[in-house]
Visitor: 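Can you keep this structure in mind? I'll have questions shortly.
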Amino acid sequence: MSLHLYDTATRSMREFHPLVNGTASIYVCGATVQGVPHIGHVRSGLNFDVLRRWLARDGADVRLVRNVTDIDDKILAKAAEHGRPWWEWALTHERAFEDAYDALGCLPPSYSPRATGHVTQMVDLMHRLIDKGHAYAADGDVYFAVRSFPEYGALSGQKLDEVFQGEGEVRGKRDPRDFTLWKGAKPGEPSWPTPWGAGRPGWHLECSAMATEYLGSEFDIHGGGIDLIFPHHENEQAQSRAVGDGFARYWMHNAWVTMSGEKMSKSLGNVVSIPEMLNRVRAPELRYYLVTPHYRSTIEYSDGALEESVSAYRRIEAFLRRVAQRTGVVPLGEDLCPEFVAAMDDDLSTPQATGSLHNKVREGNTALDAGDDAAAREAAACVRGMADLLGLDPLSPKWNESTSTDTGARQALVALVEHVLEERLRARKDRDFAKADALRDRLKAAGIAVEDNPDGSQWTLRDD
RNA sequence: GGCGGAGUGGCCGAGUGGUUGAGGCACAGGCCUGCAAAGCCUGAUACACGGGUUCAAUUCCCGUCUCCGCCUCCA
């Protein structure tokens, strides 16, 4: 089976065919950089990171653009609240998001355009919209005329007449459902000049402008959180298609991370920030937790479930380390389990994919127990290959370098631990188990877990 | 009001019209082991409720209940 993806626009599974063979273009709605990222934000980044890795696996040139919304009402409000310049506030949190994505092993996007850097493209798009009669200026604002575009509502399945309309002030709107492309400047707010007066971008406009700028008037996949379907993505599509651009060919949306049944949001006070999480578990363990459920299923956050993921990930890790210790460096396998491939091709079914990965781990462990090193190595290579496609390969330098902050200190630690383990080995050979156990206990007290197996002793830093 | 999602064993989380309910975690027993840990093997009357279709439904259809999301900013 070839790759099939669930397309929100058609509410159906569709076989994926890129516009240009051997490539894939993806636009993901990134963050509005108004605060510290929580695990819900990062889930989105992670889900599309997995998509991107899967698309790139057969050599496709994947172009992934993930924008940064660095100007918006909330950014201005929060910056003011904290007495900071809005641009400093935005960049500070942009960095926090980048750090979080990076910490969790998201490959960097091809580009991450900022809204403030693309006013020219937005003005150009507004010109095109106004020329075609799909937009109008009123009192310094520019609105999209929803009635002018019959397809409006197609993406989200909304009927125009049924849409509750809120969007704040209705100043110059011809129809309350018209949405804002450009906000006229208010005193004291940042603004950029346009033919219709100074102002700042409406939220939706930037994504159409930037996606088109970097991926062309038509591109393969547009993604984001499920909440963005309406109105954000509906509006993006309307803006772009109204001027005749093809825009996104597939729409993908990831589900929420909830807490106590409610979505995470600061106002509810149920946010778990990434730095906080990484104090409790290692990055790949958190990644495992967020990447294993299907991207369209809600994750109801719980400490217990997170701990289960930690154990599950460590099982994979322990197997690979065991094989590496016994047989040397394990290569990254290219032959994957057929079930893994089938699962991933089926709308990125990571639950079954990880299931097959675990089956392979068991197979490898069995081989190891039977002393069949060759089979164990083969299984390990396969496991690495599959794990890597999920960004979860425990042996990847990413997870090993980042955990050892200081190589000098690390080397000293290794030398000391090895020394103690040698001493312990002598004690065990002399059947002086009291001494051997005492040494193990001392290491444990220092945060170092020791496990004996037929090939010798393995030790790991356990921060729990 | 409109649109959409969910309700599966102790827990997380897949999936399917029918004889064998993925995978993980936890627990129990066994093997292995100086011990521990790990590993391997084995273990439970699961599919919200009520109808319907069917030889057969957890899986399809209808209805009910419960929960959640979007329609204002949101990953």
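Letters go in sequence order (proteins before strands), and every chain restarts at 1. Since the structure is predicted, the reported quantities are computational estimates derived from the model, not experimental observations.
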Visitor: Is Glu317(A) paired with Arg282(A) through a side-chain N to carboxylate O contact shorter than 4.0 Å?
Guide: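 A salt bridge is present here (some side-chain N lies under 4.0 Å from a carboxylate O).
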Visitor: Over 60° means perpendicular and under 30° means parallel, so tell me whether Trp251(A) and His253(A) are parallel, tilted or perpendicular.
Guide: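 Geometry flag for His253(A) against Trp251(A): parallel rings.
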Visitor: Between Glu94(A) and Arg114(A), does at least one N-O distance fall below 4.0 Å, as a salt bridge requires?
Guide: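 Looking at Arg114(A) together with Glu94(A), the answer is yes, because their closest N to O distance falls below 4.0 Å.
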Visitor: Measure from the side-chain heavy atoms of Pro293(A) and tell me the nearest of A14(B), G39(B), A26(B).
Guide: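 Taking heavy atoms from C-beta onward, the closest nucleotide is A14(B).
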Visitor: Of the listed nucleotides (A14(B), G69(B), G24(B)), which one gets closest to any side-chain atom of Ala312(A)?
Guide: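 Closest of the options to the side chain of Ala312(A): G24(B).
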Visitor: Could you tell me whether the side chain of Asp437(A) has a donor or acceptor atom within less than 3.5 Å of a complementary atom in the base of G34(B)?
Guide: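 By the distance-only test, yes, there is a pair.
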Visitor: Does A28(B) pair with anything, Watson-Crick or G-U wobble, both distances under 3.5 Å, and if so, with which nucleotide?
Guide: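 Partner of A28(B): U42(B).
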Visitor: Which nucleotide in the set A14(B), A75(B), C35(B) lies at the smallest distance from any side-chain heavy atom of Asp452(A)?
Guide: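 From the listed options, C35(B) comes nearest.
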Visitor: Between Asp175(A) and Arg177(A), does any side-chain N to carboxylate O distance fall below 4.0 Å?
Guide: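 Between Arg177(A) and Asp175(A) there is a salt bridge, with a charged N closer than 4.0 Å to a carboxylate O.
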Visitor: Return the pairing partner of G4(B) with a 3.5 Å limit on both distances, Watson-Crick or G-U wobble; otherwise return none.
Guide: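 G4(B) is paired with C68(B).
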Visitor: Might you list the N or O atoms of the protein lying below 3.5 Å from N or O atoms in nucleotides 5-12 of chain B, with each pair's distance?
Guide:
| from | atom 1 | to | atom 2 | distance (Å) |
| --- | --- | --- | --- | --- |
| C11(B) | O2 | Glu308(A) | OE2 | 2.9 |

Visitor: Between Arg95(A) and Glu98(A) (salt bridge meaning N to carboxylate O under 4.0 Å), is one present in this structure?
Guide: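 The answer is no: the pair does not qualify as a salt bridge.
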Visitor: Test for a donor-acceptor pair under 3.5 Å between the base of C32(B) and the side chain of Asp369(A), counting only N and O atoms.
Guide: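 When only heavy-atom distances are counted, Asp369(A) does not reach the base of C32(B) through any donor-acceptor pair under 3.5 Å.
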Visitor: Provide the distance between the two P atoms, one in G34(B) and one in C47(B), to the nearest whole Å.
Guide: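 It comes out at 45 Å once rounded to the nearest Å.
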Visitor: For A22(B), which nucleotide is its Watson-Crick or G-U wobble mate, given both distances must be under 3.5 Å?
Guide: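 Result: none.
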Visitor: Does Arg362(A) contact C40(B) through a side-chain donor or acceptor facing the base, at a distance under 3.5 Å?
Guide: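 No, no donor-acceptor pair under 3.5 Å.
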Visitor: How do Cys29(A) and Tyr288(A) order along RNA chain B: which one's closest nucleotide is nearer the 5' end?
Guide: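 Final value for this comparison: Tyr288(A).
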Visitor: Side chain of Gln158(A): nearest nucleotide among G2(B), C35(B), G24(B)?
Guide: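 It is G2(B).
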Visitor: How far, in whole Å, is A26(B) from A44(B) if one measures between their C1' atoms?
Guide: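 Nearest-Å result for A44(B) against A26(B) at atom C1': 14 Å.
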Visitor: Could you check whether the rings of Phe144(A) and His134(A) sit parallel, tilted or perpendicular, using 30° and 60° as the cut-offs?
Guide: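 If you compare the ring of Phe144(A) with that of His134(A), the planes turn out parallel.
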Visitor: In the strands shown, is A14(B) matched to any nucleotide by a Watson-Crick or G-U wobble pair with both distances under 3.5 Å, and which?
Guide: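 Matched A14(B) with nothing under the 3.5 Å cut-off.
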Visitor: For the pair Asp347(A) and Ser349(A), evaluate side chain to side chain donor-acceptor pair (under 3.5 Å) and give the outcome as yes or no after the intermediate values.
Guide: CA-CA 6 Å; Asp347(A) 195 31; Ser349(A) 293; over 6 Å; no
Visitor: Could you work out which one of G34(B), G13(B), A75(B) sits closest to the side chain of Ala436(A)?
Guide: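 Closest of the options to the side chain of Ala436(A): G34(B).
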Visitor: Where the side chain of Asn365(A) is concerned, which of C25(B), A14(B), G39(B) is the nearest nucleotide?
Guide: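 Shortest atom-to-atom distance from the side chain points to G39(B).
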Visitor: Between the side chains of Asp49(A) and Arg53(A), is the shortest nitrogen-to-carboxylate-oxygen separation below 4.0 Å, so that they form an ion pair?
Guide: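 Yes.
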Visitor: Searching all strands shown, indicate the nucleotide that pairs with U58(B) (Watson-Crick or G-U wobble; both distances under 3.5 Å).
Guide: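 Result: none.
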Visitor: Check every atom of G39(B), C3(B), A36(B) against the side chain of Lys159(A) and return the nucleotide holding the closest atom.
Guide: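 The listed nucleotide nearest to Lys159(A)'s side chain is C3(B).
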Visitor: Is there a donor N/O on one and an acceptor N/O on the other, under 3.5 Å, for the side chain of Arg440(A) and the base of A36(B)?
Guide: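 Yes, the side chain and the base share a sub-3.5 Å donor-acceptor pair.
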